[in-house]
K.L.:
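There's a structure below that I have some questions on.
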Amino acid sequence: MANQTLGLGENLYNYLLAVSLREPEILTQLRQATANHPMGQMQIAPEQGQFMALLVQLIGAKKTLDIGVFTGYSSLAVALALPDDGKIIACDISEEYTSMARHYWQLAGVADKIDLRIAPALETLDDLINQGESGSFDFAFIDADKSNYDNYYERALKLVRNGGLIAVDNVLWSGRVADPEIQDNRTQKIRDFNQKLHADSRVNLSLVPIADGLTLAMKK
Ligand SMILES: C[S@@+](CC[C@H](N)C(=O)[O-])C[C@H]1O[C@@H](n2cnc3c(N)ncnc32)[C@H](O)[C@@H]1O
C-alpha cells in the first residue's frame with residue numbers, strides 16, 4: 001500500500017480507464033477527430049473530462065466558464081453534465097479550432113447551452129465583470145495561454161460565487177515544474193502561479209494529479 005500518490009505507468013493507466021471511463025459516444029467521436037489535428041495534444045484527457053463533469057454535478061453548477069476551448073472537449077463534457085437551463089461562456093481566440101467544437105456541440109444537442117466568445121479571454125472576462133456578472137458563476141475551467149493564468153484566475157475569482165470552483169489545467173506541466181534545470185518563461189509562470197495559490201487564503205485548495213495536473217480552488 002502506498003501513502004503517496006502513485007505514478008501511473010501505462011498498464012495501470014489503461015486499467016484505470018478500463019474500470020472507470022464512461023465516455024459518452026459523442027465525446028469519443030470528438031476525441032478521435034481531434035487526434036488527427038496537428039495540435040491534438042492540447043485536448044484534455046477523457047478521465048479529466050469525466051472528473052470535471054462529476055464536479056459540476058456535485059456543486060449543482062448551472063453557469064460556467066470555459067477559458068480555452070480548442071476543439072471543444074472540456075466545454076462538451078461540462079455541457080452534458082449541466083441541467084437543461086445550464087449555460088457556459090466559452091472563450092477562445094481561434095475560429096479555426098472552435099469550428100470543430102461548434103460542430104460537435106450541435107451534434108450533441110448542447111449548442112444552445114454554450115455561448116462561444118471569440119476574443120482574447122481577458123477581454124471577455126473583463127466585459128463580464130463590467131456587465132455586473134461577478135459572483136454569478138458556479139464553475140470556471142482555465143486552460144488557455146499559460147502566461148495569463150494568474151490574470152484568468154483573478155478574473156475567475158471575481159466571477160464565481162462563494163463556494164464556486166475554479167479548476168486550472170496543466171499545473172504539473174508534464175513534470176517540468178519540478179525540474180530545476182528547466183527555466184523557460186512558461187514553466188516559471190506555472191511555478192509562480194502554483195506557489196501563489198498555495199498561499200492564497202481566499203480559496204480552499206487541492207492539486208489533483210490527474211492528467212497534466214488539475215488544481216481545484218474553491219472560493220471561500
Ligand atoms: C489547451 S487548449 C484548450 C483545450 C480545451 N480545453 C479542450 O478540452 O480540448 C488552449 C486554447 O486556448 C486558446 N487561447 C490561446 N490564447 C488565448 C487567449 N488569449 N484568449 C482566449 N483563448 C486563447 C487557444 O486558441 C486554444 O484553443
Side-chain angles (χ1 to χ4, degrees), residues 8-57 61 63-84 86-121 124 139-149 152 167-175 186 208-215:
L8 297 185
E10 198 179 337
N11 280 348
L12 191 53
Y13 177 61
N14 287 334
Y15 174 81
L16 176 155
L17 294 182
V19 298
S20 70
L21 189 64
R22 297 177 175 175
E23 188 177 46
E25 177 60 26
I26 188 71
L27 280 173
T28 308
Q29 287 172 15
L30 171 56
R31 190 156 57 84
Q32 285 166 349
T34 303
N36 297 320
H37 191 286
M39 299 300 285
Q41 82 290 346
M42 291 206 297
Q43 185 173 61
I44 63 165
E47 68 277 17
Q48 180 181 340
Q50 183 170 317
F51 180 56
M52 287 172 24
L54 183 67
L55 291 174
V56 157
Q57 289 179 322
K63 195 172 165 195
T64 80
L65 286 165
D66 191 67
I67 305 169
V69 173
F70 187 43
T71 59
Y73 194 99
S74 53
S75 314
L76 182 51
V78 168
L80 291 169
L82 289 178
D84 289 345
K87 256 293 161 282
I88 301 177
I89 307 278
C91 311
D92 208 289
I93 43 173
S94 172
E95 287 282 3
E96 186 209 330
Y97 293 163
T98 55
S99 61
M100 191 189 289
R102 288 182 199 271
H103 175 67
Y104 280 88
W105 298 340
Q106 286 283 353
L107 283 180
V110 298
D112 57 334
K113 290 185 189 174
I114 306 174
D115 177 357
L116 176 62
R117 311 266 176 105
I118 298 292
T124 300
F139 177 80
F141 179 50
I142 298 177
D143 189 21
D145 49 317
K146 311 306 160 199
S147 55
N148 268 314
Y149 262 26
Y152 296 143
V168 190
D169 202 22
N170 305 111
V171 292
L172 294 179
W173 204 227
S174 305
R186 275 195 301 177
V208 183
I210 189 170
D212 199 26
L214 183 71
T215 284

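Both backbone and side-chain heavy atoms feed into the values below; hydrogens, waters and symmetry mates do not. In what follows, residues are counted from 1 in the order of the sequence shown.
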K.L.:
Whether the side chain of D212 engages the backbone of S174 through a donor-acceptor N/O pair (distance < 3.5 Å, no angle test) should be reported.
P.N.:
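Present.
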
K.L.:
To the nearest 0.5 Å, what is the distance between CD1 (I88) and CG (D115)?
P.N.:
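Result: 10.5 Å between the selected atoms.
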
K.L.:
Quick one: does any side-chain atom of K87 pair with a main-chain N or O of D112 as donor and acceptor, under 3.5 Å?
P.N.:
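It does hold such a pair.
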
K.L.:
Side-chain contact, heavy-atom cut-off 4.5 Å: Y104 with T71?
P.N.:
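Not in contact.
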
K.L.:
Between M100 and L30, does a side-chain contact (heavy atoms from CB on, under 4.5 Å) hold up when you go through it step by step?
P.N.:
CA-CA 8 Å; M100 191 189 289; L30 171 56; 4.0 Å; yes

K.L.:
Examine distances only and state if a side-chain atom of Q48 and a backbone atom of D169 form a donor-acceptor pair shorter than 3.5 Å.
P.N.:
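No.
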
K.L.:
Any chance you could measure Y97, atom OH, to R102, atom CZ, to the nearest 0.5 Å?
P.N.:
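Reported value, rounded in 0.5 Å steps: 16.0 Å.
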
K.L.:
Show, in sequence, the C-alpha distance, side-chain angles and deciding distance for E10 and N14, and conclude whether the side-chain contact (heavy atoms from CB on, under 4.5 Å) test is met.
P.N.:
CA-CA 6 Å; E10 198 179 337; N14 287 334; 3.8 Å; yes

K.L.:
Starting from the C-alpha separation in whole Å, work towards a yes-or-no answer on side-chain contact (heavy atoms from CB on, under 4.5 Å) for Q43 and H37.
P.N.:
CA-CA 10 Å; Q43 185 173 61; H37 191 286; over 6 Å; no

K.L.:
Got a second to check how far L80's CG is from E23's CD, nearest 0.5 Å?
P.N.:
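That separation rounds to 10.5 Å.
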
K.L.:
With heavy-atom distances below 4.5 Å as the criterion, would you say the side chains of F51 and V56 are in contact?
P.N.:
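A side-chain contact under 4.5 Å is absent here.
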
K.L.:
Quick one: are L65 and Y152 in side-chain contact, heavy atoms under 4.5 Å?
P.N.:
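Answer no - side chains too far apart.
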
K.L.:
Given V78 and F139, is the side-chain contact (heavy atoms from CB on, under 4.5 Å) satisfied, shown in steps?
P.N.:
CA-CA 10 Å; V78 168; F139 177 80; 4.2 Å; yes

K.L.:
I'd like to know if the side chain of D145 and the backbone of S147 have a donor-acceptor N/O pair within less than 3.5 Å.
P.N.:
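Between the backbone of S147 and the side chain of D145 there is no qualifying donor-acceptor contact (under 3.5 Å).
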
K.L.:
Taking K146 for the side chain and A144 for the main chain, is one N or O donor matched with an acceptor at less than 3.5 Å?
P.N.:
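Yes; at least one donor-acceptor contact below 3.5 Å.
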
K.L.:
For the atom pair NZ (K113) and CG (L76), what is the distance rounded to the nearest 0.5 Å?
P.N.:
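With rounding to 0.5 Å, NZ (K113) is 9.5 Å from CG (L76).
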
K.L.:
Is Y15 atom OH crowded by more than 12 heavy atoms from other residues, nucleotides or ligands, each under 6.0 Å away?
P.N.:
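No, not enclosed.
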
K.L.:
Check whether Q50 reaches the backbone of R22 with its side chain - one donor and one acceptor, N or O, closer than 3.5 Å.
P.N.:
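At least one qualifying donor-acceptor pair exists.
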
K.L.:
Rounded to the nearest 0.5 Å, what separates atom CE in M42 from atom CD1 in I44?
P.N.:
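Here the rounded value is 12.5 Å.
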
K.L.:
Answer yes or no: is there a side-chain heavy-atom contact under 4.5 Å between Q29 and I26?
P.N.:
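When only atoms from C-beta onward are counted, I26 and Q29 do touch, with a gap below 4.5 Å.
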
K.L.:
Return the SG to CG distance between C91 and L116, rounded to the nearest 0.5 Å.
P.N.:
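The distance works out to 8.5 Å.
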
K.L.:
Would a 4.5 Å heavy-atom cut-off, applied to side chains only, mark S75 and F141 as touching?
P.N.:
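Side chain of S75 against side chain of F141, heavy atoms only: no contact under 4.5 Å found.
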
